Amino acid sequence: MDQSKLKQLTAPLLSWYEQNARKLPWRETPANAYHVWISEIMLQQTRVAAVREYYARFLREFPTLADLARGEERLMKCWEGLGYYSRARNLQKAARQAMERFGGELPRTYEDLTSLPGIGDYTAGAILSIAWGQRVPAVDGNVLRLAARIMDCDEDISDIKVRRRFRSWVEEALPPAERCGDYNQAMMDLGATVCLPNGEPMCLLCPGRDFCAAREAGRQSSLPVKAPKKGRRLEERTVFVLLSSQGAALRRRPETGLLAGLWEFPNVEGALREEEAARVLKCWGIEPLRWEKRIAAKHIFTHVEWHMTGYVLLCQPSGPADFCWSDGRDFADKTVPTAFARFREEALEHLERQEGSE
DNA sequence: GAAGCGTGGGG
DNA sequence: TCCCCAAGCTT
């Protein structure tokens with residue numbers, strides 16, 4: 001493995017970055033550690049385009065770490081639609097720990113940072129290098145791809161051991177501390193805009209074009225090598241949009257697992273026919289007044305695929321104790337994940353009509 | 001070490 | 001339509 005290629009890239013990469021750095025809201029000078037932290041968490045497994053709006057809104061709601069530590073339901077609401085909701089919960093846990101353990105600031109060592117929930121290897125490196133100018137690598141998917149190509153390395157980058165080795169090679173290629181924030185961001189920008197995944201990267205624009213080992217070997221588009229991921233399982237579910245004079249029924253999901261703690265429309269396993277659905281309602285102690293319509297919807301998660309049959313119907317506001325009958329204003333406060341977006345639209349449409357006619 | 005955890009955009 | 005995936009972390 002020719003890791004000297006990585007070192008060779010450092011200087012031209014930093015020059016490239018001076019001209020080609022993307023303009024991003026969290027790239028202020030000087031960097032604010034709280035802002036860097038929030039942006040890095042939001043960017044985990046999430047595209048820049050999706051993060052922009054959320055980032056701006058989040059900082060309006062929670063301008064400082066102390067504000068975040070105090071936030072409650074509004075925090076999850078701010079995260080609604082962004083996905084991987086444990087990130088938001090961990091953000092708040094970490095903020096509270098920072099208030100208690102670190103005097104209300106983010107700590108400035110790798111050990112202390114990674115001791116906070118939601119901050120791992122990559123995020124700690126990003127905060128330390130970008131906000132505090134420390135000489136620490138921040139190796140994400142972009143950097144792994146870039147490194148695999150410049151070294152023409154065909155080892156499986158989904159293997160944790162290979163990643164660790166890559167990280168130590170990147171560490172050796174780091175510039176002096178004061179340039180490490182730029183270096184780490186430059187690696188990611190280059191990966192995101194030039195050394196693209198999926199097919200042919202734009203090698204002519206790359207500061208490593210003259211010595212990239214994969215390019216010399218003509219292998220740039222077949223690298224990096226990643227283990228195939230396993231498929232999704234399919235789940236059938238039947239979802240109820242129950243509409244009463246008090247609003248639509250929502251309930252809280254369990255505190256662990258998929259979409260933990262978020263609000264959902266009552267639903268059961270299986271693709272139920274209307275008679276079977278009616279039996280479920282009876283079980284819940286709900287008397288249907290009128291069946292409005294049936295809706296088919298699909299939602300694809302990383303590891304599960306939900307095929308949903310939805311029943312919209314009018315009823316009395318009875319049912320299990322955990323049903324919460326929500327009007328338009330309640331919906332504005334409750335975090336309902338995108339998986340139920342189709343049903344939320346349906347509910348809101350009916351609620352508006354109802355409120356309009358009163 | 002592998003699996004669980006969301007969503008939206010692009011080829 | 002389907003598949004790939006995007007600035008990972010936790011258990």
Side-chain angles (χ1 to χ4, degrees), chain A residues 21-22 24-27 35-55 76 79-91 93-94 113-127 129-130 137-146 156-164 166-167 170 181 183-193 195-200 221 224 226-235 253-262 264 298-306 335-342:
Chain A
R22 286 178 292 175
L24 301 171
W26 43 89
R27 285 189 179 164
H35 294 180
V36 172
W37 176 41
I38 301 302
S39 70
E40 290 300 340
I41 299 296
M42 285 188 170
L43 286 162
Q44 287 170 7
Q45 303 291 284
T46 309
R47 294 172 189 283
V48 167
V51 166
R52 284 182 182 274
E53 279 302 301
Y54 282 90
Y55 177 77
M76 293 313 288
W79 210 268
E80 185 180 70
L82 195 55
Y84 286 138
Y85 297 92
S86 68
R87 292 183 294 176
R89 277 189 298 274
N90 284 336
L91 218 35
K93 282 185 203 157
L113 273 175
T114 51
S115 78
L116 292 171
I119 300 184
D121 197 65
Y122 162 78
T123 305
I127 294 172
S129 63
I130 298 170
V139 178
D140 71 337
N142 287 308
V143 179
L144 290 172
R145 180 173 61 255
L146 198 54
D156 175 8
I157 63 161
S158 49
D159 183 333
I160 191 77
K161 294 192 300 295
V162 172
R163 291 184 184 211
R164 270 199 284 270
F166 271 50
R167 184 178 193 275
V170 171
Y183 175 88
N184 287 333
Q185 295 183 86
M187 290 285 274
M188 293 187 277
D189 273 21
L190 188 60
T193 64
C195 197
L196 304 169
N198 302 325
E200 209 61 31
S221 55
K226 290 169 102 163
K229 37 191 83 166
K230 39 170 294 190
R232 285 185 288 273
R233 71 174 181 276
L234 198 150
E235 273 181 30
R253 291 181 59 81
E255 291 305 317
T256 58
L258 186 64
L259 306 172
L262 304 185
E264 67 176 0
K298 182 166 77 168
H299 189 80
I300 301 173
F301 301 92
T302 306
H303 57 298
V304 198
E305 186 167 332
W306 279 357
T335 308
V336 180
T338 306
F340 297 99
R342 178 69 188 82

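Scope of the values below: all heavy atoms of this structure, side chains included, with no hydrogens, waters or symmetry mates. In what follows, every chain begins at residue 1, and chains take the letters A, B, ... in the order their sequences are listed. It should be emphasised that the depicted structure is a prediction, and the values quoted were computed from it without experimental measurement.
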Would you say a side-chain N or O of [X] is under 4.0 Å from OP1 or OP2 of [N]?
X      : N     : value
A:T123 : C:dC9 : yes
A:Y84  : B:dG4 : no
A:H303 : B:dA3 : no

Original post:
Nearest to the side chain of A:R232 - C:dC3, C:dG8, B:dG8?
Top reply: C:dC3
Original post:
Counting side-chain heavy atoms from CB outward, which of C:dC4, B:dG6, B:dG9 is closest to A:N198?
Top reply: C:dC4
Original post:
What's the CD-P distance between A:E235 and B:dC5, to the nearest Å?
Top reply: 10 Å
Original post:
Taking atom P of C:dT10 as reference, at what distance in whole Å does atom CZ of A:R89 sit?
Top reply: 13 Å
Original post:
If you look at every strand shown and take non-hydrogen atoms under 4.0 Å, does A:I41 touch a base, only sugar-phosphate, or nothing?
Top reply: nothing
**OP:** For A:L24, report the nucleic acid contact type (base, sugar-phosphate, nothing); a contact means any heavy atom under 4.0 Å.
**Re:** base
Subject >> 5' priority, DNA chain B, between A:R164 and A:L262 [closest heavy atom] >> reply: A:R164
**OP:** Specify the residue among A:Y85 and A:D159 whose closest nucleotide of DNA chain B lies further upstream toward the 5′ end.
**Re:** A:D159
Original post:
Closest approach of A:V51 and A:M42, non-hydrogen atoms and distance?
Top reply: CG2-O, 3.4 Å
Original post:
With distance as the sole criterion, do the side chain of A:T46 and the base of B:dG6 form a donor-acceptor contact below 3.5 Å?
Top reply: yes
